[in-house]
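Just follow the structure's listing: the first ligand is 1, and inside any ligand the first atom is 1.
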Amino acid sequence: MDLRYTIRRSAKRKRLTITVERDRSVVVHAPAAMPDAAIGRAVEARRQWIREKTRHGRKYREPPHPPGKELVNGESALYLGRSYRIELVKGDADDAGGVRLDRRFFVPVLPRAAGAPAGHGATAMRDWYVARAKEHILPRVERHARSLGVRYGRARIVDSRYRWGSCTVRGNVNINWRLIKAPAFVIDYVIVHELAHLIEPNHTERFWGVVRAHAPGMEGARSWLREHGQLLEELV
Ligand SMILES: [Zn+2]
């Protein structure tokens, strides 16, 4: 594939980053002094990622938190279907116990001058989501499996930019940690959907019958997921 891209150089930029715009054009942001050949090699190294992004069926939205970009005060973030404002507070996620939710998200961040790594507020936020996902989603998998009468191998919270959940041939169930942003009925639908594949691997009439019976909010859940599909591409 012939990979076309536009180079934008800036004196302020320290590292090279590649973005895929809404119209799927590829822009390489590079430090001013970086030679073309080095840029070419960097683009080549990320060819697979670029291809996936430009081929994506859905309209591609740039994630709000590319690596290295910090969270901003007043931004909001979803949890169990509700949106909460983010308030950055001075602190270290490691010793202050991390992110706290109390009508708003309190995210501890250290000033860059104190040697804090780029994007560490976003990392703290993500750790918080993963922990909540393990806490809330895994027991629900267990409960739904019992009511469906299916046995699964292992349930795990995973990181994926392309799917909410999946079921492996060995009967393991994987759920994307980002699903914890969705309302409970959506979480239940995704879990039931994956577990129902242990009964029927394909999306047949029978399959949907099983899902509908165990996740009555199925239609609403599917439209919520369609509407919020871009959450999958967000880094936090
Ligand atoms: Zn399926």
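With respect to the salt-bridge test (charged N to carboxylate O, under 4.0 angstrom), the residues Glu135 and Arg132 qualify. Under a 4.0 Å N-O distance rule, the pair Arg212/Glu219 qualifies as a salt bridge.
In the model, Glu142 has a side-chain atom that pairs as donor or acceptor with a side-chain atom of Tyr152 under 3.5 Å.
Using the six-membered ring where Trp is involved, Tyr79 and Tyr84 have ring planes that are tilted, between 30° and 60° apart.
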>> Would His214 and His193 count as a side-chain hydrogen bond (donor to acceptor under 3.5 Å, both in side chains) here? Give the steps.
In response: CA-CA 9 Å; His214 291 267; His193 182 123; over 6 Å; no
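Within the structure, the salt bridge (Lys or Arg N to Asp or Glu O under 4.0 Å) test picks out the following pairs touching residues 25-39 (sequence neighbours left out): Arg9-Asp36.
Counting only protein N, O or S atoms closer than 2.8 Å to the Zn ion (ligand 1) gives 3.
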